Amino acid sequence: FDLDSISSLLFKNSSLSFFKPSTLVAAAAFMIVGSVALMNGRVGFPAPCAMIPCTGTALILAAGPHELRWLTTPPLVFIGRISYSLYLWHWPILAFLPLYLARPLRPLETAAALGGAFVLSVASWRFVEVPFRRLRPRIPVKSILAGAAATALLFFASGAVLRSAD
């Protein structure tokens, strides 16, 4: 569901709008940071407790643009620019590194892994995303779609063959 729409309905157009925006941001920060600090392997995720950071995010959105100026600082804007790459890199690193080590990551190793994901994200943003956005396709869109359909068909057929072999 759309938390921005829900927060807009709850806080901007209702009697609940008596909350000061700074109060909403403080509550949101407490919810987000608290959930990061408290969620661990014993807490199932995603679960109802996942609503805590989601609600915190909705509160930040509900606070309005005047309370969000800190999000326009250059470091946070840069993190926003690389966020998709960071999203793509952090998960495989954090998922496969403990498997490779055959043990859970220690806090310093987790920090190093996240640092490595950040470096890889910056590199893939700079050398993959930015050039790709500037690229003007020379191949007709129909050809790209046909190639994607052929690839999907190939994977489907391979899966069917492998499944029938079992």
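All values derive from a computational prediction rather than experimental measurement.
- Among residues two or more places apart in sequence or in another chain, the salt bridge (Lys or Arg N to Asp or Glu O under 4.0 Å) test is passed with R103 by E109.
- Counting non-hydrogen atoms of neighbouring residues, nucleotides and ligands closer than 6.0 angstrom, the CG atom of L99 exceeds 12 such neighbours.
- Evaluation of the ring pair (Phe, Tyr, Trp, His ring centres under 6.0 Å) test over residues 73-93, restricted to residues two or more places apart or in two chains, returns F78-W125.
- By the side chain to side chain contact (heavy atoms under 4.5 Å, CB included) test, T151 is found to be paired with F155, residues two or more places apart in sequence or in another chain being considered.
- How far OG of S124 is from CD1 of I82: 8.0 Å, rounded to the nearest 0.5 Å.
- Under the 4.5 Å side-chain criterion, counting only non-hydrogen atoms from C-beta, I93 is not in contact with L114.
- Taking OG1 of T55 as the start and CE of M31 as the end, the distance is 4.5 Å to the nearest 0.5 Å.
- Between the side chains of E129 and S85, at least one donor N or O sits under 3.5 Å from an acceptor N or O.
- Separating the CG atom in L88 from the CG atom in L120 is a distance of 11.5 Å, to the nearest 0.5 Å.
- In this structure a side-chain-to-backbone donor-acceptor pair under 3.5 Å is missing from S143 to I139.
- Partners of R134 according to the side chain to side chain donor-acceptor pair (under 3.5 Å) rule, which considers only residues two or more places apart in sequence or in another chain, do not exist here.
- Using a 4.5 Å heavy-atom cutoff, the side chains of V122 and L86 are not in contact.
- In this structure, L76 is not a member of the same hydrophobic cluster as V33, with clusters built from ILVMFWY side-chain heavy atoms closer than 4.5 Å.
- The two residues G56 and I32 make their nearest non-hydrogen contact at C-CD1, 3.9 Å.
- Residues L105 and L94 meet the side-chain proximity criterion, which asks for heavy atoms closer than 4.5 Å.
- Taking S83 as the reference, nothing meets the side chain to side chain contact (heavy atoms under 4.5 Å, CB included) condition, with sequence neighbours excluded.
- With sequence neighbours left out, F96 forms a ring pair (Phe, Tyr, Trp, His ring centres under 6.0 Å) with no residue at all.
- Here the closest non-hydrogen pair linking P53 and A50 is CD-O, 3.2 Å.
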